[in-house]
Amino acid sequence: MFAEVDVFISNYTLVDPELYQLWIEGYSSTEAVTLLKQKGNMMAGIPLDLITSDVLDHYRTYSLLERILHTPPKLSEQPSFQLEPQSRSLLIEKYYSLDDAVARDLFGKKFNSRNRKDLDEVAEKTGVRLKSCRRQFDNIKRIFKAVEDIPGNTTTNIKQQFLLPDELAQKYAAVVFIACLRFETTKRKLQYLNFRDFFECAQAIMTSWTYTYQHAGPDYYDTEMDKEFLLDLREIRYLLEKEKEIKCLVTMRLKPTMLDRVFQEIDSNFRSYWRSIITIAGGLHRTRELRQLFLELTERLIEPWKQNNWSKDHVTQFMKCLTQSVLDMEVPRDNQDIRCLWDRYMQVVTVCLLKMYHN
């Protein structure tokens, strides 16, 4: 009697998502075997040496693929590993994955060998394994070097060069942008802000305050601030003369919806808040003050609002009314541009304040 056996032979490289994730997270092969054994039922009846051999085989494959992953488009060109499209996508997306806590801790740091040596502090602080921290640091450095001098939309450039999905490419774009402009993110007063806060702020600034806001083409970058716009923002100082008129419009809009306690506080301190917003705008053309934007917003506005027990809804109402009150105000014919400047400025400041304001 002969048994019939169907045999299928393939030279496609198999990627085990679970083992690959453990490798990405920085677990050693020995630790991976232990974790698999702890799962119980899945590994029941399988000899330990067979599990160990399989894990080692996968780990060797991932180590060989790592060099190619430094340049993702090469995955589809190289002859050593035949990979299905979904496997290539999985390899790239997981390899370039970013932990928000790690990315937040890397803000404000230079991507040099000295800071790479200090990643054990990042690992201890975030709870992410050192090997994974190094992978993320190296990936940020690689992407930063690849796209910092390329004009156009940074997210698009990252997607094209590294084949990353939209959301992940946007995260790297925010990191690249903050690094290029060297925004201050490390001060103690800013430590409460998480990666998502800075991500939203960076996206808003890249969209509205860089040259790509009004220009398109190969000569414009969304990592380069629109210097003419920042210089023109000095004209907003004209609005200081309109303080009483603006205050009247804002308080009239807020009184029906605002709690009496908060309304009285706004009425008493309106000048301070108003002048802070105008002063910040007038200084953004200077590199140092632009870099201090998040700190300025915190010290001049967020801290006083917190001391006076504002809720996030209060911030939302105040910023909305303030923005609209200026847009509704009558201005001389020779100063019509003030509305456009104000609107473009407040689009970003409002997003930043709402993201940075934690109740």
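- In this structure, Q161 contributes its side chain and I158 its backbone to no donor-acceptor pair below 3.5 Å.
- The shortest distance between side-chain heavy atoms of Y192 and I302 falls below 4.5 Å.
- Summarising the geometry of P304 relative to Y273, their closest heavy-atom pair is CB-CE2, 4.0 Å, with the distance given to 0.1 Å.
- Remark: K255 NZ is loosely packed, at most 12 non-hydrogen atoms of other residues, nucleotides or ligands lying under 6.0 Å away.
- The existence of a salt bridge linking D267 and K247 is confirmed by a sub-4.0 Å separation between a basic side-chain nitrogen and an acidic carboxylate oxygen.
- For L14, the CG atom sits in a loose shell: 12 or fewer heavy atoms of surrounding residues, nucleotides or ligands are nearer than 6.0 Å.
- Note that CG of D99 is 7.5 Å distant from SG of C133, once rounded to the nearest 0.5 Å.
- Checking K145, R116, R67 one by one against D138, the salt bridge (Lys or Arg N to Asp or Glu O under 4.0 Å) holds for a single residue, R116.
- Ring-plane geometry between F177 and F183 is classed as tilted, the angle between the planes lying from 30 to 60 degrees on a 0 to 90 degree scale.
- Under the 4.5 Å side-chain criterion, counting only non-hydrogen atoms from C-beta, F81 is in contact with I68.
- Under the 4.5 Å side-chain contact rule for hydrophobic residues, Y95 and Y59 share a cluster.
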### Task
Kindly indicate, with the supporting measurements, whether the criterion side-chain contact (heavy atoms from CB on, under 4.5 Å) is fulfilled by L353 and L301.
CA-CA 8 Å; L353 286 171; L301 296 165; 4.0 Å; yes
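- In terms of heavy-atom proximity, V33 sits nearest to I51 at CG1-CG2, 4.2 Å.
- With contacts defined as side-chain heavy-atom distances shorter than 4.5 Å, the pair T323/W342 qualifies.
- No side-chain heavy atom of L22 sits less than 4.5 Å from a side-chain heavy atom of V55.
- In the hydrophobic cluster analysis, where Ile, Leu, Val, Met, Phe, Trp and Tyr join through side-chain heavy atoms closer than 4.5 angstrom, L56 is grouped apart from W23.
- Although no hydrogens or angles enter the test, the distance criterion places no donor-acceptor pair under 3.5 Å between the side chain of N359 and the main chain of S311.
- Applying the 6.0 Å contact sphere to CD of E93 captures no more than 12 heavy atoms from other residues, nucleotides or ligands.
- Distance alone, capped at 3.5 Å, is enough to place a donor-acceptor pair between the R344 side chain and the S208 backbone.
- Counting only heavy atoms from C-beta outward, the side chains of F111 and F137 approach each other to under 4.5 Å.
- Taking 4.0 Å as the cut-off between side-chain N and carboxylate O, E243 and R275 count as a salt-bridged pair.
- Atoms CD1 and CG, from I92 and L65 in turn, are 10.5 Å apart once rounded to the nearest 0.5 Å.
- Smallest separation of non-hydrogen atoms from R253 and S325: NH1-OG, 2.9 Å.
- Within 6.0 Å of CZ on R182 lie no more than 12 heavy atoms contributed by other residues, nucleotides or ligands.
- To the nearest 0.5 angstrom, C321 atom SG is 7.0 Å from M258 atom CE.
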### Message
If you apply the rule side-chain contact (heavy atoms from CB on, under 4.5 Å), what do you find for V175 with L106, and how did you get there?
### Response
CA-CA 9 Å; V175 175; L106 293 179; over 6 Å; no
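- Under 3.5 Å, the side chains of T212 and T210 contain a donor-acceptor pair of N or O atoms.
- For residues 159-176, the salt bridge (charged side-chain N to carboxylate O under 4.0 Å, His left out) pairs, not counting sequence neighbours, are D100-K171, K159-D166.
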### Query
Between D337 and D232, is a side-chain contact (heavy atoms from CB on, under 4.5 Å) present by the stated rule, with each step listed?
CA-CA 9 Å; D337 288 347; D232 289 345; over 6 Å; no
### Query
Yes or no on side chain to side chain donor-acceptor pair (under 3.5 Å) for S132 and Q136, after CA distance, side-chain angles and deciding distance?
CA-CA 6 Å; S132 180; Q136 295 179 63; 3.1 Å; yes
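- The backbone N or O of Q86 lies less than 3.5 Å from no partner atom in the side chain of S89, so there is not a single donor-acceptor pair.
- There is no side-chain donor-acceptor pair under 3.5 Å between T298 and E296.
- Of the possible donor and acceptor atoms, none in the side chain of Q170 sits under 3.5 Å from a partner among the backbone N and O of Y172.
- Looking at D222, its side chain never comes within 3.5 Å of a backbone N or O of T207 through a donor-acceptor pair.
- Between T185 and Q191, the shortest heavy-atom contact is O-NE2, 3.9 Å.
- More than 12 heavy atoms of other shown residues, nucleotides or ligands fall within 6.0 angstrom of atom CZ in R286.
- Taking hydrophobic clusters as Ile, Leu, Val, Met, Phe, Trp and Tyr residues chained together by side-chain heavy-atom distances below 4.5 Å, I205 does not share a cluster with Y213.
- Counted within 6.0 Å of NZ on K320, heavy atoms from surrounding residues, nucleotides or ligands total 12 or fewer; the atom is thus considered open.
- Between W310 and F318, the ring centre distance stays below 6.0 Å.
- Each of E31, E25, E124 was scored for a salt bridge (Lys or Arg N to Asp or Glu O under 4.0 Å) with R129, with one residue passing: E31.
- F198 and L354 fall within a single hydrophobic cluster, where Ile, Leu, Val, Met, Phe, Trp and Tyr are joined by side-chain heavy atoms under 4.5 Å apart, directly or via other members.
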### Query
When you look at Q324 and D328, which way does the side chain to side chain donor-acceptor pair (under 3.5 Å) test go after all the steps?
CA-CA 6 Å; Q324 194 58 48; D328 291 344; 2.9 Å; yes
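- Using a 4.5 Å heavy-atom threshold, the side chains of L19 and D54 count as touching.
- Contact between N115 and K110 at its shortest, heavy atoms only, is ND2-O, 2.7 Å.
- For the atom pair CG of L69 and CZ of R88, the computed distance is 12.0 Å after rounding to the nearest 0.5 Å.
- Although no hydrogens or angles enter the test, the distance criterion places a donor-acceptor pair under 3.5 Å between the side chain of K109 and the main chain of D105.
- Smallest separation of non-hydrogen atoms from I143 and Y96: CD1-CD2, 4.0 Å.
- Between D197 and R104, the closest side-chain pair of non-hydrogen atoms is not below 4.5 Å.
- Note that SG of C352 is 9.5 Å distant from CE of M319, once rounded to the nearest 0.5 Å.
- Residues passing the side chain to side chain contact (heavy atoms under 4.5 Å, CB included) test with N309, sequence neighbours excluded: R261.
- When side chains are defined from C-beta on, W274 does not count as touching V250, because their heavy atoms never get closer than 4.5 Å.
- In the hydrophobic clustering of ILVMFWY residues, with side-chain heavy atoms under 4.5 Å counting as a link, L231 and L233 come out apart.
- For the atom pair S76 OG and L163 CG, the distance stands at 7.5 Å (nearest 0.5 Å).
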### Query
What do the steps show when you test Y345 against F229 for ring-ring contact (aromatic ring centres under 6.0 Å, His included), and what is the final call?
CA-CA 9 Å; Y345 169 66; F229 163 68; 7.7 Å; no
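- With hydrogens and angles disregarded, a donor-acceptor distance shorter than 3.5 Å links the side chain of R339 to the backbone of M329.
- Between the side chains of E84 and S87, no donor N or O sits under 3.5 Å from an acceptor N or O.
- In summary, the side chains of N269 and E265 do present a donor paired with an acceptor at a separation below 3.5 Å, with no hydrogens or angles considered.
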